[in-house]
K.L.:
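Shown below is the structure under consideration.
The shown structure was predicted, so the numbers you read here are calculated from the model rather than taken from an experiment.
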Amino acid sequence: MRPYAQVHYLSRQTFDPDHSTVAAKAIIEAEMSRRMDLVHQLAVRLSALEATITAVDTARHAALAAGWSEEQLLELGLGAVENSTRSAGRRVARAEPEPEPEAEPDADHDASISVQLVEELVG
């Protein structure tokens, strides 16, 4: 232990539990606000990305309809966007997979996630 270190838990200062609760709540709310802002930014950017992909697909279909081939577009460096729908070739209807039965929500699991979140934010 360093000679200049202060040991707060041995001090005679009186701690106010209400003040500690308010301070802890402010820390958690600030962290949650920051996290929500980040999720909002991600959602906005993903929305813009989806709009861009849709516009690229529309332009690609127009180029193909105007007589450009898939190979020609690839030679020009204008390949299909990875997340877009396939723009050329025969389309085949696919059987939709059957949805898996939903598991019943586990209240204990939800509570443990909440506890873990609070511990991460406080710790």
Side-chain angles (χ1 to χ4, degrees):
M1 184 186 233
R2 298 179 194 149
Y4 57 85
Q6 295 179 349
V7 182
H8 295 287
Y9 61 89
L10 294 178
S11 70
R12 295 187 181 251
Q13 179 182 4
T14 303
F15 290 99
D16 179 7
D18 292 333
H19 180 268
S20 297
T21 302
V22 169
K25 186 176 181 179
I27 291 169
I28 291 171
E29 287 176 352
E31 177 64 18
M32 289 304 295
S33 178
R34 184 185 72 82
R35 293 176 69 185
M36 293 302 293
D37 287 345
L38 291 171
V39 168
H40 176 74
Q41 290 175 20
L42 176 60
V44 167
R45 285 174 174 81
L46 283 173
S47 178
L49 176 61
E50 288 175 6
T52 301
I53 289 173
T54 300
V56 168
D57 277 345
T58 301
R60 180 173 196 76
H61 288 292
L64 292 169
W68 289 93
S69 71
E70 217 27 79
E71 293 76 26
Q72 290 171 322
L73 293 175
L74 285 172
E75 285 177 23
L76 294 169
L78 302 172
V81 177
E82 185 175 317
N83 293 335
S84 68
T85 57
R86 182 112 175 120
S87 56
R90 197 171 122 214
R91 299 187 186 249
V92 178
R94 295 183 184 154
E96 301 223 359
E98 292 186 29
E100 295 182 23
E102 292 185 24
E104 292 185 26
D106 184 2
D108 292 335
H109 179 70
D110 292 342
S112 68
I113 291 174
S114 298
V115 170
Q116 286 175 337
L117 177 60
V118 170
E119 288 174 351
E120 287 177 18
L121 293 175
V122 174

K.L.:
Show, in sequence, the C-alpha distance, side-chain angles and deciding distance for R35 and V39, and conclude whether the side chain to side chain contact (heavy atoms under 4.5 Å, CB included) test is met.
P.N.:
CA-CA 6 Å; R35 293 176 69 185; V39 168; 5.7 Å; no

K.L.:
Do I53 and L42 sit in the same hydrophobic cluster, where Ile, Leu, Val, Met, Phe, Trp and Tyr count as joined when their side-chain heavy atoms come under 4.5 Å apart?
P.N.:
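Shared cluster, yes.
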
K.L.:
Quick one: does M36's side chain get under 4.5 Å of H40's, heavy atoms only?
P.N.:
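No, too far: nothing below the 4.5 Å cut-off.
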
K.L.:
Check the pair D37, R34 against side chain to side chain contact (heavy atoms under 4.5 Å, CB included), reporting the backbone distance first and the verdict last.
P.N.:
CA-CA 5 Å; D37 287 345; R34 184 185 72 82; 5.6 Å; no

K.L.:
Return yes if some donor-acceptor pair links the side-chain N/O of S47 with the main-chain N/O of A43 below 3.5 Å, else return no.
P.N.:
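No.
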
K.L.:
Main chain of P17, side chain of T21: is a donor-acceptor contact present, judged purely on distance under 3.5 Å?
P.N.:
yes

K.L.:
Would V56 and L49 show up in the same hydrophobic cluster when neighbours are defined by side-chain heavy atoms closer than 4.5 Å?
P.N.:
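They do share one cluster, since a chain of ILVMFWY contacts under 4.5 Å joins V56 to L49.
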
K.L.:
When you look at L78 and W68, which way does the side chain to side chain contact (heavy atoms under 4.5 Å, CB included) test go after all the steps?
P.N.:
CA-CA 11 Å; L78 302 172; W68 289 93; over 6 Å; no

